Asker: 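Handing you this structure, nothing more for now.
Since we're looking at a predicted model, the values are computed, not measured. Order of the sequence lines fixes the chain letters, A, B, ..., with proteins taken first and strands second; residue numbering starts at 1 for each chain. Heavy atoms only: backbone and side chains are in, while hydrogens, waters and symmetry mates are out.
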Amino acid sequence: MAKDQDKILSEVTQSEYKYGFVTDIENDVIPKGLSEDVVRLISKKKEEPGWMLDFRLKAYRYWLGLKMPEWAHLKIPKIDFQDVIYYAAPKQKADLESLDEVDPQLLETFDKLGIPLEEQKRLSGVAVDAVMDSVSVKTTFQDNLADLGIVFCSFSQAVREHPDLVKKYMGSVVPYRDNYFAALNSAVFSDGSFCYIPKGVRCPMELSTYFRINAANTGQFERTLLIADDDSYVSYLEGCTAPQRDENQLHAAIVEIVAMKNAEVKYSTVQNWYPGDKEGKGGIFNFVTKRGLCMGDHSKISWTQVETGSAITWKYPSCILRGNSSVGEFFSVAVTNNYQQADTGTKMIHIGKNTKSIIVSKGISAGKSQNSYRGLVKVSKNAESARNFSQCDSLLLGDQCGAHTFPYLEVDNSTAIVEHEATTSKIGEDQIFYCNQRGIDTENAIGLIVNGYTKEVLNKLPMEFAVEAQKLLQITLEGSVG
Amino acid sequence: MLKIRNLHALIEGKEILKGINLEVNAGEVHAIMGPNGSGKSTLAAVLAGREIFKVTEGSVEYNGKDLLDMAPENRAHEGIFLGFQYPVEIPGVSMVNFMRTALNEKRKYFDQEPIKSSDFLKIMREKKALVEIDSGLTNRSVNEGFSGGEKKRNEIFQMAMLEPELSILDETDSGLDIDALKTVAQGVNMLKNEHNATVVITHYQRLLDYIVPDFVHVLYDGRIVTSGTKELALELEEKGYDWIKEQF
């Protein structure tokens with residue numbers, strides 16, 4: 001690790017968002033705006049069965065009656081939902097027999113992002129589902145995984161090939177009535193990843209989805225559904241980037257996880273959507289609903305997230321601990337710089353007996369940014385001996401940023417033990433000078449100090465991602481002191 | 001090696017150094033003594049390049065270069081080491097990582113390749129033995145949860161790792177019991193040679209029993225009011241700082 005750290009420290013010298021390029025590719029784009037016809041058009045483009053269209057329409061009609069939520073500690077400019085394109089797909093053949101049929105420009109795009117889709121160039125032991133704008137471009141290693149009975153494919157493919165699983169679980173953890181953005185996503189989602197791990201199978205490689213927004217004025221609405229059957233295990237990674245554009249772009253995703261008896265799911269995210277420029281112009285509006293259901297006894301769901309991008313982040317990966325002795329974990333590093341705003345945290349809902357949850361949240365604010373932790377720990381009446389430990393730390397760089405903590409506790413069972421610790425600190429001038437005196441310049445000193453501060457969370461990430469995350473932290477905070 | 005001429009410095013508008021003159025040559029050990037608030041630590045901080053102090057007058061020449069013109073990290077690369085009176089904790093950053101980064105930054109400054117891991121670990125082992133530092137300390141985060149004595153010993157360990165030309169030790173003896181004091185002093189003596197120099201800043205004479213200075217300077221009210229050999233330190237010990245205060 002330390003060796004990689006050195007490499008990162010030495011190689012990161014440019015402070016530009018390096019994924020800001022645009023791929024010039026012919027797109028199948030529908031006109032701007034949202035209506036029932038648009039919902040039908042998306043469904044038609046995707047050649048979906050009737051039940052899927054029904055689901056979308058119900059969600060759309062419900063959404064029409066909703067108002068944008070205003071409770072978050074965020075200043076959100078008015079979003080004109082009629083000014084967004086809801087479907088954009090790189091033109092290519094619908095069903096690909098092999099990689100040779102994928103547009104070379106698409107392959108090149110993902111290569112540039114460090115995600116080679118050719119399996120021989122693969123990252124060691126990572127299967128990737130690559131999603132560009134509204135569609136999945138390619139899923140690697142499908143065949144190898146199928147040998148073990150693991151299904152890993154795009155959401156569209158799952159609708160076609162595994163309709164029973166999709167029908168049973170889609171919306172079971174995040175119903176379309178859940179919130180404003182969940183309803184919107186349910187109406188217009190275009191693609192995403194689907195994964196099913198059968199009973200007793202330990203998935204031998206990391207599964208990952210890489211999301212890329214490319215087309216202008218386009219929203220990305222993907223949906224991920226992950227089902228881990230009894231006694232199974234999977235580690236899942238998610239990465240995202242977008243081009244540098246002056247206008248804001250909308251991203252509203254849903255992730256649903258179901259863990260059956262004794263199953264364990266690790267879900268890691270390195271979120272690096274374009275954050276906007278130094279004056280706060282442009283950037284992605286990121287409104288995401290992520291939730292896991294620990295359905296079976298002794299199941300475990302673990303969320304790890306590193307949030308560095310987006311102009312606005314609104315995201316609370318949560319766990320519903322229904323199975324007895326089930327475990328929910330949330331490890332988060334959220335960094336904001338310049339004019340970024342983040343309101344992020346988690347919900348741990350204890351329903352089963354002996355359920356446990358851990359929350360470790362590390363916020364870092366720099367520039368003129370605002371960074372809020374918002375977390376709910378709820379222990380319901382029957383959750384005997386439930387335990388929660390929460391630790392929320394905030395680190396401030398400079399004196400024009402803000403860090404806020406909003407913990408909510410609802411405990412309805414007297415045998416529960418709930419602990420909450422919170423700290424706020426600043427990177428001290430004395431710490432930086434101490435590093436300077438040992439020959440480490442200020443930029444590198446901040447990198448070291450921030451990496452030290454976030455180590456507890458970064459250690460939870462799979463290796464490649466941990467390295468990536470360290471780089472990102474460094475880039476995000478570049479020029480934030482001095 | 002070091003030539004300080006008429007150095008004036010202030011913090012928040014208050015003048016602390018009021019015209020320091022001092023010359024240090026290779027192979028020498030200088031002790032700077034003085035009552036609290038006389039400007040000893042300020043002098044150390046100004047030489048190391050701490051920005052909260054503003055130099056208003058005077059010059060500092062280090063190996064022929066204008067020291068005051070250099071960024072603090074470059075002063076470190078050029079061989080200036082400050083042993084802190086209050087070493088700072090950096091949670092989550094291991095000593096190993098911290099030292100390797102420091103060493104590699106110095107190598108980069110001199111256009112050298114980063115050090116190989118195996119070589120680095122070998123140097124670490126050697127220096128640890130030299131300054132008799134507990135192995136456990138280097139596996140922990142920088143100064144985090146260290147006792148006062150451990151922190152000071154860790155400063156000497158870092159000094160050994162970085163092999164400075166000019167070491168300024170700011171109240172290295174404060175908060176140490178006699179055994180820890182001996183170990184620290186022994187480390188400093190081991191690292192001493194004809195190419196480097198040491199400036200020891202201290203309030204008490206007792207450290208000088210173990211690190212024997214060639215010259216002793218007494219700092220009072222921002223000026224060096226008198227200089228001499230180690231006998232001056234003994235005289236000070238005997239008569240107390242009031243003697244200085246009365247005279248100047």
Asker: So what's closer than 4.5 Å to chain A heavy atoms on B/Glu78: side chain, backbone, both or neither?
Answerer: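 No part of B/Glu78 comes within 4.5 Å of chain A.
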Asker: Roughly how far, to the nearest 0.5 Å, is the CD1 atom of A/Ile432 from the CD atom of B/Glu51?
Answerer: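 If I round to the nearest 0.5 Å, the distance is 10.0 Å.
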Asker: Within a reach of under 6.0 Å around CD of B/Gln112, are more than 12 heavy atoms found that belong to other residues, nucleotides or ligands?
Answerer: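 Count over threshold, so yes.
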Asker: Does any backbone or side-chain atom of B/Pro114 lie under 4.5 Å from a heavy atom of chain A? Answer side chain, backbone, both or neither.
Answerer: neither
Asker: Which heavy atom of A/Gly439 sits nearest a heavy atom of B/Ala76, and at what distance?
Answerer: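 Of all heavy-atom pairs spanning A/Gly439 and B/Ala76, the closest is N-CB, 3.5 Å.
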Asker: Where on B/Leu103 is there a heavy atom nearer than 4.5 Å to chain A: the side chain, the backbone, both, or neither?
Answerer: neither
Asker: Go through the steps to decide whether A/Ile440 and B/Glu73 satisfy the test side chain to side chain contact (heavy atoms under 4.5 Å, CB included), and finish with yes or no.
Answerer: CA-CA 6 Å; A/Ile440 301 166; B/Glu73 61 272 18; over 6 Å; no
Asker: Rounded to the nearest 0.5 Å, how far does CD1 of B/Ile168 lie from CD of A/Gln437?
Answerer: 7.5 Å
Asker: Could you please state which residues from residues 139-153 of chain B sit under 4.5 angstrom from chain A, measuring non-hydrogen atom to non-hydrogen atom, sorted by number, or 'none'?
Answerer: B/Val142, B/Asn143
Asker: Are A/Leu448 and B/Asn97 close enough that some pair of their side-chain heavy atoms sits under 4.5 Å apart?
Answerer: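 A side-chain contact exists here, since the closest heavy-atom pair is under 4.5 Å.
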Asker: What residue, out of B/Gln158, B/Arg75, B/His77, B/Met161, has the most heavy-atom pairs lying under 4.5 Å from chain A?
Answerer: B/Gln158
Asker: Just so I know, are the side chains of A/Tyr434 and B/Phe98 near enough to count as touching, which here means a heavy-atom distance under 4.5 Å?
Answerer: yes
Asker: Quick check on A/Tyr453 against chain B: is it the side chain, the backbone, both or neither that has a heavy atom closer than 4.5 Å?
Answerer: backbone
Asker: Side chain, backbone, both or neither: which part of B/Phe81 has a heavy atom under 4.5 Å from chain A?
Answerer: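 Both parts, heavy atoms under 4.5 Å.
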Asker: For B/Pro164, is it the side chain, the backbone, both or neither that has a heavy atom under 4.5 Å from a heavy atom of chain A?
Answerer: neither
Asker: If the threshold is 4.0 Å, N to carboxylate O, is there a salt bridge linking B/Arg50 and A/Glu429?
Answerer: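 Here B/Arg50 pairs with A/Glu429 in a salt bridge, since their nearest N and O are under 4.0 Å apart.
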Asker: Considering only heavy atoms from C-beta outward, does the side chain of B/Pro72 approach that of A/Arg438 to under 4.5 Å?
Answerer: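 No; the side chains remain at least 4.5 Å from each other.
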Asker: Check this for me: B/Phe120, atom CZ, are more than 12 non-hydrogen atoms of other residues, nucleotides or ligands nearer than 6.0 Å?
Answerer: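 Yes, CZ of B/Phe120 has more than 12 neighbouring heavy atoms, counting only those of other groups under 6.0 Å.
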Asker: Check the surroundings of atom NZ in B/Lys106: do more than 12 heavy atoms from other residues, nucleotides or ligands lie under 6.0 Å from it?
Answerer: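 Check passes, neighbour count above 12.
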Asker: If you tally heavy-atom pairs under 4.5 Å against chain A, which of B/Leu162, B/Leu82, B/Ile90 wins?
Answerer: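 Top count of heavy-atom pairs under 4.5 Å with chain A: B/Leu82.
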